[in-house]
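Have a look at the structure below before the remarks.
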Amino acid sequence: NAGVTQTPKFQVLKTGQSMTLQCAQDMNHNSMYWYRQDPGMGLRLIYYSASEGTTDKGEVPNGYNVSRLNKREFSLRLESAAPSQTSVYFCASRGTGARETQYFGPGTRLLVL
Amino acid sequence: QQQVKQSPQSLIVQKGGISIINCAYENTAFDYFPWYQQFPGKGPALLIAIRPDVSEKKEGRFTISFNKSAKQFSLHIMDSQPGDSATYFCAASSQTGANNLFFGTGTRLTVIP
């Protein structure tokens, strides 16, 4: 039982390049989330998916797109990376109950030059 | 606009001392207040959580104190240990909304042996 897994662990991009961050969970959770973590800013929600087939914008969605491929997988895509997107990205998942815990993956460290 | 304000940004405590981290919120619809612990290179993990129907919750050396009228809550770590050195995030969510978590900006705790 791996919980939430993310790939890659680390990536360097040049400005304008695109990439997809992958996330998968094996806990049969309905809800999945993408956050970015920046120094002094805490964790900010980019996009979330309350259930398979649905996605919604969070606090900072500009410059990102997401796909809920199936119940297990939720990917985050940067179409044209910018230096402002240099950050650590975390995926999380949560079960169905109103007070279920969010479980986080280990993160992807992204550097955009 | 930060929905949950957290202080201090960093904290240094001697081994055996008490660590106190404070958070404040404005949205009276928030009804769930978790604390997450994050070690370097790892994703955040739930430490302890409280609902506003109680004023205090204790789990081992960790206690949340909640003041509904002041819209404040705090984490107390008793008998702080070097292994407690980590970044701590408070958060809040509302069952009437999308149940998304709003995080504080984090407190880096260092416990000196």
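Just so it is clear, the structure is predicted and the values come from calculations on it, not from any experiment. Here is the naming used below: chain letters follow the sequence lines, and residue numbers restart at 1 for every chain.
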Check: Hey, are the side chains of V13(B) and D84(B) touching, using non-hydrogen atoms and a 4.5 Å cut-off?
Finding: no
Next item on the list: Identify which part of P34(B) has an atom lying under 4.5 Å from any heavy atom of chain A, answering side chain, backbone, both or neither.
Entry: neither
Margin query: With a 4.5 angstrom heavy-atom cut-off, is it the side chain or the backbone of Q37(A) that approaches chain B, or both, or neither?
Written below: side chain
Checklist line | Pair T54(A)-R68(A), side-chain donor/acceptor within less than 3.5 Å | finding: no
Next item on the list: Would you indicate whether Q9(B), at its atom CD, is surrounded by more than 12 heavy atoms from other residues, nucleotides or ligands within a distance under 6.0 Å?
Entry: no
Next item on the list: With a 4.5 angstrom heavy-atom cut-off, could you sort out which part of L45(A) is near chain B: side chain, backbone, both or neither?
Entry: side chain
Next item on the list: Can you spot which of F73(B), F103(B), F66(B), F62(B) makes a ring pair (Phe, Tyr, Trp, His ring centres under 6.0 Å) with W35(B)?
Entry: F73(B)
Margin query: Restricting to non-hydrogen atoms, name the atom on C23(A) and the atom on W34(A) that form the minimum distance, rounded to 0.1 Å.
Written below: CB-CZ2, 3.5 Å
Next item on the list: Using non-hydrogen atoms and a 4.5 Å limit, figure out which bit of Q38(B) sits close to chain A: side chain, backbone, both or neither.
Entry: side chain
Margin query: Return the CD to OG1 distance between Q22(A) and T108(A), rounded to the nearest 0.5 Å.
Written below: 9.5 Å
Next item on the list: Check whether Y103(A) gets within reach of chain B through its side chain, its backbone, both or neither, counting any heavy atom under 4.5 Å.
Entry: neither
Next item on the list: Name the member of T87(B), L46(B), V4(B) that forms the most heavy-atom pairs with chain A at distances under 4.5 Å.
Entry: L46(B)
Notebook entry, point to check: With respect to chain B, which residue among P39(A), S31(A), G42(A) yields the maximal number of heavy-atom pairs within a distance under 4.5 Å?
Noted result: G42(A)
